[in-house]
Student: 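One structure coming up, written as structure tokens, with questions to follow.
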Amino acid sequence: RVGGALRDLARQYAGQTIGVFTHGGTIRSMIHHVLPDFTLAHIGNTSITIVRFDGDEWQIPIFNDFVHLDGDQAPDMLAVANEQVEGG
């Protein structure tokens, strides 16, 4: 269902920026839809993940990012290195 919703949103709002606020399990499902071979251990609470579709290809330029928060995070809340992840 999540993959279908992601495709529907991409079609409905083509060329626009939208925000989707959801739980970690849904984010993992979106990432799995874009990158089926990518394994995720943890999506941190309040982290930011950006998923883009340019009409041909999905990209994940920001993944599990905490830059918007001040202070230290508990070890289970830490984000992975913020590297660009690209899908096909």
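Only a predicted model underlies this, so the values are computations on that prediction, with no experimental measurement involved.
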Student: Report the distance from atom OG of S29 to atom CG of L6, rounding to the nearest 0.5 Å.
Tutor: 10.5 Å
Student: Can you tell me how far apart NE2 (H33) and CZ (F38) are? Round to the nearest 0.5 Å.
Tutor: 16.0 Å
Student: To the nearest 0.5 Å, tell me how far L35 CG sits from M30 CE.
Tutor: 12.0 Å
Student: With sequence neighbours left out, which residue pairs that include part of residues 15-25 fulfil the side-chain hydrogen bond (donor to acceptor under 3.5 Å, both in side chains) condition?
Tutor: T22-T26
Student: Drop me the distance from I43's CD1 to F63's CZ, to the nearest 0.5 angstrom.
Tutor: 4.0 Å
Student: Under the rule for side chain to side chain contact (heavy atoms under 4.5 Å, CB included), what residues qualify as partners of L9, not counting sequence neighbours?
Tutor: Y13, I18, V20
Student: Testing the basics here: between I48 and H68, what is the closest heavy-atom pair and its distance to 0.1 Å?
Tutor: CD1-ND1, 3.5 Å
Student: From N64 CG over to S47 OG, what is the distance, rounded to the nearest 0.5 angstrom?
Tutor: 4.0 Å
Student: To check you understand the geometry: which heavy-atom pair defines the closest contact between G44 and F66, and what is its length?
Tutor: CA-CZ, 3.5 Å
Student: Between V34 and Q59, is any pair of side-chain heavy atoms under 4.5 Å apart?
Tutor: no
Student: Would you please name every residue forming a side chain to side chain donor-acceptor pair (under 3.5 Å) with R11, sequence neighbours left out?
Tutor: D8
Student: Between atom CD1 of I60 and atom OG1 of T49, what is the distance when rounded to the nearest 0.5 Å?
Tutor: 8.0 Å
